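See structure below.
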Protein chains: 2
Amino acid sequence: MASQRGEGETTTTPLEPADRERARAIPEAAVARLAVYLRVLSGMADQGVNAVSSEELSQAAGVNAAKLRKDLSYIGSYGTRGVGYDVEVLVSHIERILGLTRNHSVAVVGIGNLGHALANYGGFPGRGFPVTALFDVDADLIGVPVGGIPVNHIDEITAICLEREVSIGVIATPPPAAQSVCDRLVSAGVQCILNFAPVVLQVPDNVEVRKVDLAVEMQILSFHVARRADEAASVSVDNNGLGVDGMVIRP
Amino acid sequence: MASQRGEGETTTTPLEPADRERARAIPEAAVARLAVYLRVLSGMADQGVNAVSSEELSQAAGVNAAKLRKDLSYIGSYGTRGVGYDVEVLVSHIERILGLTRNHSVAVVGIGNLGHALANYGGFPGRGFPVTALFDVDADLIGVPVGGIPVNHIDEITAICLEREVSIGVIATPPPAAQSVCDRLVSAGVQCILNFAPVVLQVPDNVEVRKVDLAVEMQILSFHVARRADEAASVSVDNNGLGVDGMVIRP
DNA sequence: CCGACTTTGTGCATCCGTTCACAAGCGGTA
DNA sequence: TACCGCTTGTGAACGGATGCACAAAGTCGG
């Protein structure tokens, strides 16, 4: 409502009071989708697309059109009725809300298979997330550069994180080490953590943790496999014997 | 209600009708949590713990006790009032509901940094998910064993997935290849896909996709960093100048 | 055998997120 | 300028998940 069209300020980096209040109210689920919209929109911009309707964008993002509009409405009214959205404008506004106008320095702890992979992503997909520090306990790894960054010993976390202003810590250690690493990151002032270790981390209220848990993902899929298998079984009992061989298409 | 205590059948592998009906009704969010409870319980079992109350378990899993009980009630009534839950019993029932009594053969497509890491996990954390096939397009990789499995060319997906009865496909390719790989997996009869590529996959209704999107995770964290920074800024305007240097603890 | 105590299982109220449906607003056209 | 068709933005209905609070059901000690 307020500042609906503020003359020429397109990419004001610090959030204005109105926006700040809005940001507080955006549901987490919507934030996740905004990130997806952003990627789709960036792709469109690269292909020279200028305008897009909620219908088109929602299909490309794999969501309901109404949901998309509501999500966008959380960040303000930047569409034009009867026309759609300007791709560039939307991109810059989503970036602003997601805080992508600043760089977020990332530290990866645990340089095993996964840690290697993460470090080598180099700046992370979609950039804006430069990896500036790597940590491990293995003496053989200390000093070895991975993805251009030398590995430091885990005991140096506090000093280095403060020095390099790390704002996001990524935990890719074995499970037993995760909580202790987490504690050290927290005491180094890191308030956002991405946890790949299959462990439930205990953190103070002012720290945000997101987890990526492969085992859980696999088990959820397993649940669905089992459910399908059971349904198929119960069907092949109901109508005797049909739908057993090879391709079973269920519309 | 029915079969509350069914004599001695502790680990019947095929689901009974009552359970099947239940499984259909379990909310997705609860399934994810069940997987977490399972891990915590397994850890307890390893440490020789026999019984556990909803209070203890919920704390270890980082959730509300009432929610935990409700989640467990979805799979049946296996607790003892006044006492708690038998760890072993709970483990076996959760495993059964999640379909972990069978093995689920996994294929990984895209043997880059991430694919390597995934293949080397070897059977995946929590086992029951043997990786039985690897695919890539890179001629230099074909035939090279990674984590004990030789890499096959991507064109062989259909034949090999059918032959090895792959039930879960993992996509770890670059974004442009993801949809095409997905299509091939689907036509090979794979109905569950774990997608690491930052792409929205289009699949038929009978295929289940779960995505792990690093960029999105990072951006969600970025959003929270920005929100915090803004709040801090607005606070340091309110009370002039306090809480700027070093450690800021907010209870 | 009984009564006190503990913990589960669940009905119910609440909250958050999704979906629907439509008025408001804008561009194009005559 | 006035009308028409299209698309946004959002109020309101809906549905699912969360949390509370308590009855039911079990154990343990006497």
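Everything numeric in this text was worked out from a predicted model, so none of it was measured. Within every chain, numbering begins at 1; the chains are lettered A, B, ... in the order of the sequence lines, protein sequences first and strands thereafter.
Atoms CG (A:Leu90) and P (D:dT7) sit 16 Å apart, rounded to a whole Å. The distance between atom CD of B:Glu55 and atom C1' of C:dT6, rounded to the nearest whole Å, is 13 Å. Between A:Leu72 atom CG and C:dT19 atom P the separation is 15 Å, expressed in whole Å. Per the geometry, CD1 belonging to A:Ile75 stands 13 Å off C1' belonging to D:dG9, to the nearest Å. Per the geometry, CG belonging to B:Asp86 stands 15 Å off C1' belonging to C:dT8, to the nearest Å.
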Cut-off 3.5 Å, no hydrogens considered: what does the side-chain donor-acceptor table look like for residues 29-46 of chain A, sequence neighbours left out?
{"residue": "A:Arg33", "atom": "NE", "partner": "A:Asp71", "partner atom": "OD2", "Å": "2.6"}
{"residue": "A:Arg33", "atom": "NH2", "partner": "A:Asp71", "partner atom": "OD1", "Å": "3.1"}
{"residue": "A:Arg33", "atom": "NH2", "partner": "A:Asp71", "partner atom": "OD2", "Å": "3.4"}
{"residue": "A:Tyr37", "atom": "OH", "partner": "A:Asp71", "partner atom": "OD2", "Å": "2.7"}
{"residue": "A:Arg39", "atom": "NE", "partner": "B:Pro198", "partner atom": "O", "Å": "3.1"}
{"residue": "A:Arg39", "atom": "NH1", "partner": "B:Asp213", "partner atom": "OD1", "Å": "3.4"}
{"residue": "A:Arg39", "atom": "NH1", "partner": "B:Asp213", "partner atom": "OD2", "Å": "3.0"}
{"residue": "A:Arg39", "atom": "NH2", "partner": "B:Asp213", "partner atom": "OD2", "Å": "2.6"}
{"residue": "A:Ser42", "atom": "OG", "partner": "A:Leu38", "partner atom": "O", "Å": "2.8"}

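Atom SG of residue B:Cys182 and atom CD1 of residue B:Ile193 lie 4.0 Å apart, to the nearest 0.5 angstrom. Considering CG of B:Leu90 and CD of B:Glu95, their distance stands at 10.5 Å, rounded to 0.5 Å.
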With 3.5 Å as the limit, what N/O pairs link the protein to nucleotides 28-30 of chain D?
none

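Listed pair B:Ser54 / C:dT8 meets the phosphate criterion, a side-chain N or O lying under 4.0 Å from OP1 or OP2.
Without hydrogens or angle criteria, A:Gln179 side chain to A:Gln202 main chain gives a donor-acceptor distance under 3.5 Å.
Ranked by how close their nearest DNA chain C nucleotide is to the 5' end, B:Gly79 and A:Val83 are led by B:Gly79.
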Chi angles and distances behind the side-chain contact (heavy atoms from CB on, under 4.5 Å) call for B:Asp183, B:Val203: CA-CA 8 Å; B:Asp183 293 344; B:Val203 295; over 6 Å; no
Counting primed atoms plus P, OP1 and OP2 as sugar-phosphate and everything else as base, spell out the protein contacts along nucleotides 17-25 of chain D at 4.0 Å heavy-atom distance: B, S or - for each nucleotide, 5' to 3'. SSBBB--BB
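A:Glu28 and B:His224 share a side-chain donor-acceptor pair at under 3.5 Å.
Shown are B:Arg69, B:Lys67, B:Lys70; of these, the side chain to side chain donor-acceptor pair (under 3.5 Å) with B:Ser54 is made only by B:Arg69.
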